[in-house]
Amino acid sequence: MTIERHDTKARMSRAVIHQGVAHLCGQVAGPEARFDDITAQTESMLARVDALLSEIGSSREQLLTATIYLKDGSDFAAMNAVWDAWVPEGHAPARTCVCAPMPADELRVEITVCAAVTD
């Protein structure tokens with residue numbers, strides 16, 4: 001059994017790959033995003049997902065699952081507008097979206113994903 005860990009720190013790894021499935025740690029918007037704007041945060045967060053998927057040999061076309069955490073349910077429609085444009089047609093993962101407190105007050109959205117990794 002092989003488990004491949006990427007960018008491992010004391011608390012977590014940015015990605016863990018096991019049996020062809022990558023489990024990414026939670027991704028949030030980068031510091032460049034306007035923190036009062038759910039659209040900007042969602043775009044930044046998904047760009048970070050793209051970068052990490054690319055780094056480990058996967059892509060958004062290979063997403064299996066996504067769990068999205070929203071600080072405020074009133075952001076659901078605006079977040080979905082960005083999400084819908086980002087997910088390639090015919091490649092939507094199994095998805096869950098819940099409202100939850102964020103680890104920092106300025107954050108409005110976070111995502112965790114699992115994706116297939118090709119050899």
Side-chain angles (χ1 to χ4, degrees):
M1 175 176 71
T2 302
I3 299 174
E4 183 181 336
R5 300 176 195 282
H6 292 261
D7 195 16
T8 300
K9 306 287 190 249
R11 185 172 290 157
M12 64 181 209
S13 298
R14 287 185 63 226
V16 176
I17 301 170
H18 180 254
Q19 295 186 343
V21 177
H23 305 265
L24 276 58
C25 69
Q27 299 295 304
V28 297
E32 78 288 348
R34 287 187 41 221
F35 286 107
D36 62 342
D37 181 351
I38 187 64
T39 297
Q41 281 202 25
T42 304
E43 290 169 346
S44 174
M45 173 189 73
L46 293 175
R48 293 176 100 182
V49 170
D50 276 334
L52 187 50
L53 288 171
S54 177
E55 183 180 313
I56 63 170
S58 191
S59 69
R60 65 178 92 159
E61 288 83 3
Q62 295 170 275
L63 289 176
L64 303 171
T65 63
T67 302
I68 300 170
Y69 304 90
L70 285 175
K71 181 177 186 174
D72 186 335
S74 67
D75 286 334
F76 187 70
M79 178 278 299
N80 270 333
V82 177
W83 172 264
D84 291 345
W86 182 79
V87 174
E89 186 173 340
H91 296 279
R95 189 187 103 163
T96 302
C97 186
V98 298
C99 289
M102 294 288 117
D105 285 340
E106 66 273 9
L107 295 175
R108 303 180 67 87
V109 62
E110 182 173 356
I111 191 170
T112 59
V113 301
C114 293
V117 177
T118 55
D119 294 330

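Just so it is clear, the structure is predicted and the values come from calculations on it, not from any experiment.
Minimum heavy-atom separation, G57 to V117: O-CG1, 3.9 Å. Residues W83 and R95 come closest through the heavy atom pair CD1-NH1, 3.1 Å. Taking both residues in full, the closest heavy atoms of A78 and I38 are given as CB-CG2, 3.5 Å, listed atom of the first, atom of the second, then distance. Contact detail for V82 and E43: the closest heavy-atom pair is CG1-CG, 3.7 Å. Shortest non-hydrogen contact noted between A116 and S58 is O-OG, 2.5 Å. Minimum interatomic distance between V87 and A92 (heavy atoms only, all atoms of both residues): CG1-CA, 3.6 Å.
C25 SG to D7 CG: the interatomic distance, rounded to the nearest 0.5 Å, is 8.5 Å. Considering OG1 of T118 and CD of Q62, their distance stands at 5.0 Å, rounded to 0.5 Å. One finds the CZ atom of R5 at 9.5 Å from the NE2 atom of H18 (value rounded to the nearest 0.5 Å). A distance of 11.5 Å separates OH of Y69 from CE of M45, quoted to the nearest 0.5 Å.
Under the side-chain hydrogen bond (donor to acceptor under 3.5 Å, both in side chains) criterion, S74 pairs with D72, not counting sequence neighbours.
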Donor-acceptor contacts, no H, no angles, side chain residues 105-112, under 3.5 Å, sequence neighbours left out:
from: R108; atom 1: NE; to: D75; atom 2: OD2; distance (Å): 3.0
from: R108; atom 1: NH2; to: D75; atom 2: OD1; distance (Å): 3.1
from: R108; atom 1: NH2; to: D75; atom 2: OD2; distance (Å): 2.7

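Transitive grouping of hydrophobic side chains (ILVMFWY, heavy atoms separated by less than 4.5 Å) keeps L64 and I3 in distinct clusters. Under a hydrophobic clustering in which Ile, Leu, Val, Met, Phe, Trp and Tyr are joined whenever their side-chain heavy atoms come within less than 4.5 Å, directly or via other members, V49 and I56 fall into the same cluster. Both W86 and F76 belong to a common hydrophobic cluster when Ile, Leu, Val, Met, Phe, Trp and Tyr are linked at side-chain heavy-atom distances under 4.5 angstrom.
Taking the side chain as every heavy atom from C-beta outward, T42 and I68 never approach each other to under 4.5 Å. Within the 4.5 Å cutoff, no side-chain heavy atoms of S13 are placed close to those of H6.
Environment of CD in Q19: sparse, with no more than 12 heavy atoms of neighbouring residues, nucleotides or ligands closer than 6.0 Å.
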Assess the residue pair R60 and D50 against the criterion (side chain to side chain contact (heavy atoms under 4.5 Å, CB included)); give the C-alpha distance rounded to whole Å, side-chain angles, the decisive distance to 0.1 Å, and a yes or no. CA-CA 7 Å; R60 65 178 92 159; D50 276 334; 2.5 Å; yes
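When only modelled atom types and interatomic distance are considered, S44 and Q41 share no side-chain donor-acceptor pair under 3.5 Å.
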